[in-house]
Amino acid sequence: MKPFVTFLSAVTFFHVSEFVLASIYMRKDLSRRSWLISEPYCVAMLLACLEYWLEIRYCSILKFKVISRAGLAGVITGEVIRKTAMVTAKRNFTHDVKFERQQEHILVTQGIYRYCRHPGYLGWLIWVLGTQALLANPICLAGFSIVAWKFFQERIAVEEQQLRRFFGESYTQYAAKTPTLIPFIR
């Protein structure tokens with residue numbers, strides 16, 4: 001039961017803190033979407049809960065404490081990376097890919113962005129996979145890995161196209177020396 005309560009607490013903290021930071025740094029774009037809760041996300045998290053409870057009931061041997069502890073470490077690490085990215089980028093961090101450069105939009109390359117080109121995405125990826133390891137959900141861990149990676153592969157390609165258009169050679173040079181740290185996404 002404890003991993004499930006920890007999971008619910010982690011999900012709650014993630015969304016509340018995401019909304020709070022959006023209200024501080026993305027005030028003009030603030031909406032119910034700022035909670036980052038979508039229908040596909042809810043379906044995925046409900047499937048995670050279903051897998052957890054079915055495995056607890058019928059094959060609890062799959063629920064190893066060491067995996068749950070590693071998952072909790074992933075949840076915390078992912079949160080720290082993502083929230084550090086949001087605070088570092090301030091108003092330059094958005095929940096949506098921008099297709100028009102705002103007047104105040106600058107290329108952020110300091111802080112965590114010095115080491116990782118898309119730390120918000122990296123943090124969310126580590127966080128969401130951590131939630132599934134926390135629950136010791138092998139099926140959802142595999143499924144979330146594939147779906148999240150595909151999402152970021154596509155989203156990063158679109159976002160980087162816009163960033164190159166906004167910042168030109170400055171972004172090209174930054175991207176050449178700064179990895180995404182997301183496996184197989186350069």
Side-chain angles (χ1 to χ4, degrees), residues 10-47 74-75 77-132 143-186:
V11 169
T12 301
F13 180 82
F14 175 83
H15 292 288
V16 170
S17 63
E18 221 34 56
F19 188 83
V20 167
L21 288 174
S23 72
I24 295 168
Y25 298 119
M26 299 173 249
R27 193 111 183 117
K28 67 180 180 172
D29 295 326
L30 196 63
S31 71
R32 66 190 331 186
R33 290 187 62 212
S34 301
W35 290 96
L36 295 186
I37 299 174
S38 65
E39 188 175 319
Y41 174 83
C42 290
V43 169
M45 287 303 189
L46 286 173
L47 288 173
V75 165
T77 301
E79 270 290 350
V80 168
I81 291 170
R82 183 167 174 89
K83 296 319 189 263
T84 300
M86 292 177 81
V87 170
T88 301
K90 297 183 178 23
R91 286 178 171 70
N92 295 289
F93 190 101
T94 62
H95 285 146
D96 299 310
V97 175
K98 297 298 182 192
F99 292 92
E100 290 184 34
R101 183 176 178 186
Q102 305 298 310
Q103 186 176 4
E104 68 277 2
H105 199 176
I106 62 167
L107 178 59
V108 179
T109 59
Q110 79 277 3
I112 195 167
Y113 289 86
R114 183 180 313 142
Y115 308 104
C116 178
R117 207 162 65 241
H118 295 283
Y121 296 152
L122 176 66
W124 189 85
L125 180 64
I126 294 168
W127 178 84
V128 79
L129 298 181
T131 64
Q132 297 315 298
F144 279 42
S145 296
I146 292 165
V147 171
W149 184 86
K150 184 156 180 47
F151 172 80
F152 287 125
Q153 179 192 35
E154 293 170 6
R155 181 154 177 149
I156 287 171
V158 170
E159 185 167 321
E160 293 211 334
Q161 182 179 33
Q162 297 309 311
L163 290 168
R164 280 186 174 83
R165 193 168 62 83
F166 295 166
F167 300 110
E169 187 60 28
S170 295
Y171 188 79
T172 301
Q173 289 176 6
Y174 170 69
K177 67 180 182 179
T178 311
T180 66
L181 300 179
I182 297 172
F184 310 110
I185 298 179
R186 176 63 190 120

- Item | Minimum heavy-atom distance between Ala85 and Gly120, given as atom pair plus value | CB-N, 3.6 Å
- Are any of the side-chain heavy atoms of Val128 and Met45 separated by less than 4.5 Å? yes
- Message: With a 3.5 Å distance limit and no angle check, can you tell me whether Thr88 reaches the backbone of Gly111 through a side-chain donor-acceptor pair?
- Response: no
- Query: Are the side chain of Lys90 and the backbone of Val87 linked by a donor-acceptor contact shorter than 3.5 Å?
  - Reply: yes
- Query: If you take all heavy atoms of Val97 and Val158, which pair is closest and at what distance?
  - Reply: CG1-CG1, 4.1 Å
- Task: Look up atom CZ in Phe19 and atom CZ in Arg33, then write down how far apart they are to the nearest 0.5 Å.
- Result: 13.0 Å
- Note on the structure: All heavy atoms of Asn92 vs all of Ile106, minimum pair found to be OD1-N, 2.8 Å
- Residue pairs meeting salt bridge (charged side-chain N to carboxylate O under 4.0 Å, His left out), one or both in residues 99-127, sequence neighbours left out, come to Lys28-Glu104, Arg117-Glu160
- Query: Just by modelled atom types, is the Gly74 backbone N or O under 3.5 Å from a matching donor or acceptor in the Thr77 side chain?
  - Reply: no
- Query: When rounded to the nearest 0.5 angstrom, what distance separates OG in Ser17 from CD in Glu79?
  - Reply: 4.5 Å
- Note on the structure: For Lys98, the salt bridge (charged side-chain N to carboxylate O under 4.0 Å, His left out) test, sequence neighbours excluded, returns Asp29
- Item | Glu39 atom CD: more than 12 heavy-atom contacts under 6.0 Å | no
- Note on the structure: What one should report as the nearest heavy-atom pair of Cys116 and Tyr174 is O-OH, 3.5 Å
- Item | From Thr94 atom OG1 to His105 atom NE2, the distance as rounded to the nearest 0.5 Å | 6.5 Å
- Message: Measuring from atom CG of Leu181 to atom NE2 of His118, what distance do you get when rounded to the nearest 0.5 angstrom?
- Response: 11.0 Å
- Item | His95 versus Ser34, closest heavy-atom pair with distance | CE1-O, 3.6 Å
- Please determine which of Trp124, Trp35, Tyr41 meets the ring pair (Phe, Tyr, Trp, His ring centres under 6.0 Å) test together with His15. Tyr41
- Query: Are there more than 12 heavy atoms of other residues, nucleotides or ligands under 6.0 Å from atom CZ of Arg186?
  - Reply: yes
- How long is the span from the OH atom in Tyr113 to the OG1 atom in Thr84, to the nearest 0.5 Å? 9.5 Å
- What is the minimum heavy-atom distance between Ala10 and Val75, and which atoms define it? CB-CG1, 3.7 Å
For residues 144-152, run the donor-acceptor check on the side chains, cut-off 3.5 Å, and write out each pair with its distance to 0.1 Å, sequence neighbours left out.
residue: Ser145; atom: OG; partner: Leu141; partner atom: O; Å: 2.7
residue: Trp149; atom: NE1; partner: Pro183; partner atom: O; Å: 2.6
residue: Lys150; atom: NZ; partner: Glu154; partner atom: OE2; Å: 2.8

- NZ of Lys83 to CH2 of Trp127: how many Å apart, nearest 0.5 Å? 8.0 Å
- Task: Determine, stepwise, if the pair Thr109 / Thr178 fulfils side-chain contact (heavy atoms from CB on, under 4.5 Å).
- Result: CA-CA 9 Å; Thr109 59; Thr178 311; over 6 Å; no
- Query: More than 12 non-hydrogen atoms from neighbouring residues, nucleotides or ligands closer than 6.0 Å to CD on Gln153, yes or no?
  - Reply: yes
- Query: Between Gln132 and Leu129, does a side-chain contact (heavy atoms from CB on, under 4.5 Å) hold up when you go through it step by step?
  - Reply: CA-CA 5 Å; Gln132 297 315 298; Leu129 298 181; 5.8 Å; no
